[in-house]
Number of protein chains: 2
Amino acid sequence: MVIGFKSGKYLETMIKRAKGVTISQVADAAGVARSSVSRAFTRPDMLSPETVDRIMKVAETLGYVPNHTARALSTGRHGNIGLIVPDIANPFFPPLIQAGQLEADRSDFCIFLGNTEESPKQEDKLVGRFAGQVEGIVLVSSRLSDERIRAHAAQLPLVLINRDVDGIPRVLIDSSSGVRQAVEHLAELGHRKIVYVSGPANSWSNKQRRTAIRSAASSLKVDIETVPAVLASYTSGRNAVSAILATGATAAVAFDDLTAQGVLAGLAEKKVSVPRDFSLIGCDDVLGAVTYPALTSVSNRSVEAGRVAVSLLIEMLQSNGIRDARYVLQTHLVMRETTMALGYLAP
Amino acid sequence: MVIGFKSGKYLETMIKRAKGVTISQVADAAGVARSSVSRAFTRPDMLSPETVDRIMKVAETLGYVPNHTARALSTGRHGNIGLIVPDIANPFFPPLIQAGQLEADRSDFCIFLGNTEESPKQEDKLVGRFAGQVEGIVLVSSRLSDERIRAHAAQLPLVLINRDVDGIPRVLIDSSSGVRQAVEHLAELGHRKIVYVSGPANSWSNKQRRTAIRSAASSLKVDIETVPAVLASYTSGRNAVSAILATGATAAVAFDDLTAQGVLAGLAEKKVSVPRDFSLIGCDDVLGAVTYPALTSVSNRSVEAGRVAVSLLIEMLQSNGIRDARYVLQTHLVMRETTMALGYLAP
DNA sequence: ACTTGACATGCAACCGGTTGCATGAAAGTC
DNA sequence: GACTTTCATGCAACCGGTTGCATGTCAAGT
């Protein structure tokens with residue numbers, strides 16, 4: 001009996017200690033009820049300052065940390081939010097994720113990250129898996145159908161980035177404003193014929209950009225020719241160079257920075273000097289200034305998008321309201337070193 | 001009274017429905033005890049097949065989904081693992097994260113992502129915040145001191161990537177093999193003085209690479225000089241160029257590809273032609289062939305590292321054992337276009 | 001026919017907090 | 001000095017599952 005008592009009791013104690021101090025232990029040690037300990041942490045104003053003080057001291061010495069899971073169970077809020085992106089390896093997303101996380105941090109929320117590999121099925125699965133453990137989800141560039149998105153939104157607070165579904169809070173990056181500026185800029189520099197190096201045919205952004213370019217060009221009396229790059233990638237940009245030069249254009253706007261970087265490399269290979277002989281503008285500004293010469297590009301606002309989306313979600317969670325917000329983020333041209341006036345002669 | 005009953009009851013029902021079906025509702029509907037429903041989901045072999053069947057059908061029609069939080073509270077396991085990286089925007093990490101997540105997915109674990117912005121303080125804070133809600137953590141390129149890491153490892157299962165702390169399971173990408181090849185390659189090309197452009201001072205990889213370079217150089221009778229880049233970034237690489245050229249070296253190995261890319265741009269700016277006048281090698285091979293000229297680099301194995309680390313962690317969690325594993329992943333030189341024999345004359 | 005054991009199921013305690021309500025003491029009012 | 005109000009604190013139910021043990025049933029063993 002004695003042996004049983006000893007080993008059993010000691011083991012239990014040790015396991016407890018390893019597993020963490022509970023509210024009851026603090027309560028006992030401080031000579032108060034469990035509820036008082038709870039309140040000392042959540043609503044100290046309900047207790048006398050001395051009691052709060054004493055409890056806090058005891059908690060401190062015992063190394064008590066409130067159990068997140070238990071709290072979540074009784075309150076129904078666990079302070080986590082999900083963030084689902086199609087492809088984390090695409091340089092467009094990391095800054096967005098980073099900004100979202102920073103914003104979440106400010107309100108003590110943790111981020112669950114999901115990567116769908118561009119697959120709607122995987123996206124659906126992730127939302128389901130997250131559903132039980134997050135208070136809300138931010139879907140970035142969702143590949144789901146409108147119906148699925150609506151269905152999920154009925155289950156839990158949802159905010160979309162770069163997806164425009166009526167009635168669901170969303171943050172949209174409008175690249176057309178920046179693209180228009182790009183064309184205007186080139187026109188001012190004297191370029192009369194411009195190539196648009198297009199991206200994936202089924203991309204919403206590609207459509208948006210192409211449309212914006214055409215409309216800007218026609219109002220500025222600039223010639224536009226489209227050269228397809230098939231994929232949004234360095235390689236396809238590089239491969240498109242011959243076709244670009246064949247058009248006789250003196251400048252190009254590429255679907256995205258990666259494509260533009262490929263074009264830049266292709267031009268260098270063909271001894272066409274940028275910006276002296278040819279002007280080039282990218283989109284999304286994901287490369288910063290890392291190319292040489294530094295690439296002029298259209299800003300992407302992904303950082304703001306991440307920040308705004310998360311803060312919008314948190315706001316919804318805290319006010320319990322389902323605001324039908326629709327934030328549109330304008331873009332603009334970021335001038336660097338790949339554009340120059342036509343026919344400019346170095347001194 | 002009637003009004004109170006109606007509104008109260010209905011509201012409650014609606015809230016319940018919105019909040020999710022509970023195990024009790026399923027139990028009532030199926031005419032069994034709550035425990036049976038629980039077992040139908042967790043240990044169906046304990047119940048008769050017919051009972052399981054009936055419960056499952058009822059659960060299905062009611063749309064019952066087990067509450068993750070409640071389960072976590074009683075079992076102590078919530079099926080989440082944390083993944084903490086210093087800088088998600090650094091292209092080295094996304095593929096690693098992606099691979100880790102894929103691996104976690106296979107065992108139905110969810111990933112909590114943390115970004116420390118290279119700050120040990122933030123890293124500490126994140127580990128603390130995660131601690132309550134994850135079963136284990138993978139720390140990638142931790143900037144914490146050995147003591148802090150040990151302290152955290154005492155609290156919960158921990159796996160390290162690119163950090164070598166005794167007694168703590170770790171996955172190491174051994175860049176020294178690749179770095180040695182890089183130096184050998186440069187030596188063969190006739191370079192007698194090489195600069196190492198170093199990275200973050202408290203980075204394990206940086207130490208490892210510097211050591212490997214020194215040892216390779218001394219055995220090959222090559223001169224080594226170190227120029228600090230402070231941060232692993234394009235900008236610091238670019239800023240380091242003057243110092244690099246001042247050493248009189250004819251080739252450089254940079255801490256990582258980003259730094260190398262900065263150096264490349266800096267050299268171009270100063271009209272130093274790569275590879276004709278200067279040879280350059282990066283590390284981590286994160287840029288593929290996107291620079292011009294395409295950067296010769298040391299392979300990184302980050303995908304394997306992410307996969308192995310997560311699978312190791314999950315294995316630890318499931319077997320409850322704390323294996324002192326130490327996986328080392330070898331690297332090799334990836335030759336591209338930024339190296340050339342010294343004094344080579346173009347035909 | 002009676003015991004034995006295997007098996008299916010239910011009961012109730014437990015995980016670690018939160019929270020509405022009750023209680024009792026101190027302070028304020030007339 | 002009796003009566004209300006205010007405030008700090010405790011009690012106990014609850015969140016939604018899991019799990020050790022008890023109970024009941026039915027078939028096999030003798």
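Worth saying up front: this structure is predicted, and the values here are computed from it rather than measured. Order of the sequence lines sets the chain letters (A, B, ...), proteins ahead of strands, with each chain counted from 1.
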Backbone N/O of B:Ser24 and side chain of B:Thr22: donor-acceptor pair under 3.5 Å: yes
Give [X] one of three labels, base, sugar-phosphate or nothing, depending on what nucleic acid heavy atoms sit under 4.0 Å from its own.
X: B:Thr69; value: nothing
X: B:Ser48; value: sugar-phosphate
X: A:Val32; value: sugar-phosphate
X: A:Arg77; value: nothing
X: A:Ser24; value: nothing

No-H, no-angle donor-acceptor pair, B:Arg34 side chain to D:dG17 base, under 3.5 Å: yes
Does any donor-acceptor pair link the side chain of A:Arg39 with the base of C:dG17 at a separation under 3.5 Å? no
Check whether any side-chain heavy atom of A:Pro95 lies under 4.5 Å from a side-chain heavy atom of A:Phe93, and answer yes or no. no
Would a 4.5 Å heavy-atom cut-off, applied to side chains only, mark A:Ser119 and A:Arg143 as touching? no
For DNA chain D, whose closest nucleotide is more 5', that of A:Leu73 or that of A:Asp45? A:Asp45
[X] side-chain proximity, nearest of [options]:
X: B:Tyr64; options: C:dG10, D:dA8, D:dG17; value: D:dG17
X: B:Ser36; options: C:dT9, D:dT18, C:dT18; value: C:dT9
X: A:Asn67; options: D:dG17, C:dG16, C:dG10; value: C:dG16
X: A:Thr75; options: D:dT19, D:dG16, C:dT18; value: C:dT18
X: B:Ser35; options: C:dA12, C:dT19, D:dG17; value: C:dA12

How about A:Asn115 and A:Gln122: does a side-chain donor come under 3.5 Å of a side-chain acceptor? no
Exercise: do A:Asn80 and B:Gln133 side chains pair donor with acceptor under 3.5 Å: yes
What is the separation between atom [atom1] on [X] and atom [atom2] on [N], rounded to the nearest whole Å?
X: A:Gln25; N: C:dC15; atom1: CD; atom2: C1'; answer: 13 Å
X: A:Ile23; N: C:dT19; atom1: CD1; atom2: P; answer: 11 Å
X: A:His68; N: C:dG16; atom1: NE2; atom2: C1'; answer: 13 Å
X: B:His78; N: C:dG16; atom1: NE2; atom2: P; answer: 12 Å
X: A:Glu50; N: D:dT9; atom1: CD; atom2: C1'; answer: 13 Å
X: B:Met46; N: C:dG10; atom1: CE; atom2: C1'; answer: 11 Å
X: B:Leu47; N: C:dC7; atom1: CG; atom2: P; answer: 14 Å
X: A:Asp28; N: C:dG16; atom1: CG; atom2: C1'; answer: 14 Å

Is there a side-chain polar atom (N or O) of [X] under 4.0 Å from OP1 or OP2 of [N]?
X: B:Arg43; N: D:dT19; value: yes
X: B:Ser38; N: D:dT18; value: yes
X: B:Thr51; N: C:dT9; value: yes

Begin with the C-alpha distance, continue with both residues' side-chain angles, and end with the deciding distance and a verdict on salt bridge (charged side-chain N to carboxylate O under 4.0 Å, His left out) for B:Asp164 and B:Arg326. CA-CA 8 Å; B:Asp164 198 0; B:Arg326 185 174 188 273; 2.6 Å; yes
Nearest-nucleotide check on DNA chain C, B:Gly31 vs A:Pro66; residue mapping nearer the 5' end is B:Gly31
